[in-house]
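The next block holds one structure in the form of structure tokens; read it before the comments.
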Amino acid sequence: MTGGLVPAGVFCLAAGAALGCLFLLCKALRLALGLGPWATALVDVLFCLVCGAVSFLCALAVDQGRLRLFQAVFQGLGAWAAIAGLDPLAAGAARAAKGFFRRGRAVLREGKAFGLGHSPAGAGQGSKNRKKFREKPEKAKKKT
């Protein structure tokens with residue numbers, strides 16, 4: 001980009017805002033799906049790799065691969081603005097998606113999703129049967 005400081009700054013702000021939105025998307029998916037610690041770590045590593053690649057490509061576009069301080073500052077400022085502005089919306093969307101997934105799983109468990117309208121015999125009693133096997137059998141009392 002040989003146009004000057006203003007177009008390069010706007011480009012870096014936009015790249016940072018895109019990274020901030022990607023961060024919020026990763027956060028919303030983690031909250032909606034209830035990912036465990038290993039999956040969360042994997043998502044974090046993938047996010048860091050994407051951030052590095054975007055910063056490198058931004059540096060290539062702005063100054064032939066040399067990362068300038070204003071690029072890093074503007075990207076950080078863009079990411080902060082996106083996260084600060086859209087975080088409540090992302091948290092609400094994650095809660096709504098979590099409820100949607102929960103209701104969808106319940107419908108699939110009941111068998112109503114495929115027009116069956118009823119559960120197979122004994123389908124809802126699985127936990128009761130498992131509980132019987134976990135309990136210790138009562139000792140036989142002596143008859144006197």
Taking [Y] as the starting point, is it possible to reach [X] by hopping between hydrophobic residues whose side chains are less than 4.5 Å apart?
X: Leu29; Y: Leu42; result: no
X: Leu31; Y: Phe100; result: no
X: Leu49; Y: Phe23; result: no
X: Val43; Y: Leu46; result: no
X: Leu22; Y: Val45; result: no

Minimum heavy-atom distance between [X] and [Y], given as atom pair plus value:
X: Gly9; Y: Phe74; value: CA-CD2, 3.2 Å
X: Ala82; Y: Ala17; value: CB-O, 3.6 Å
X: Gln71; Y: Ala59; value: NE2-CA, 3.9 Å

Kindly compute the distance separating [atom1] ([X]) from [atom2] ([Y]), expressed to the nearest 0.5 Å.
X: Arg30; Y: Leu25; atom1: CZ; atom2: CG; value: 12.5 Å
X: Cys58; Y: Asp63; atom1: SG; atom2: CG; value: 10.5 Å
X: Phe47; Y: Thr40; atom1: CZ; atom2: OG1; value: 14.0 Å
X: Leu19; Y: Leu24; atom1: CG; atom2: CG; value: 11.0 Å

* Give the intermediate values and the outcome of side-chain contact (heavy atoms from CB on, under 4.5 Å) for residues Trp80 and Ile83. => CA-CA 5 Å; Trp80 173 80; Ile83 291 170; 6.0 Å; no
* Asked: With a 4.5 Å limit on heavy-atom distance, are the side chains of Leu89 and Leu86 in contact?
  -> yes
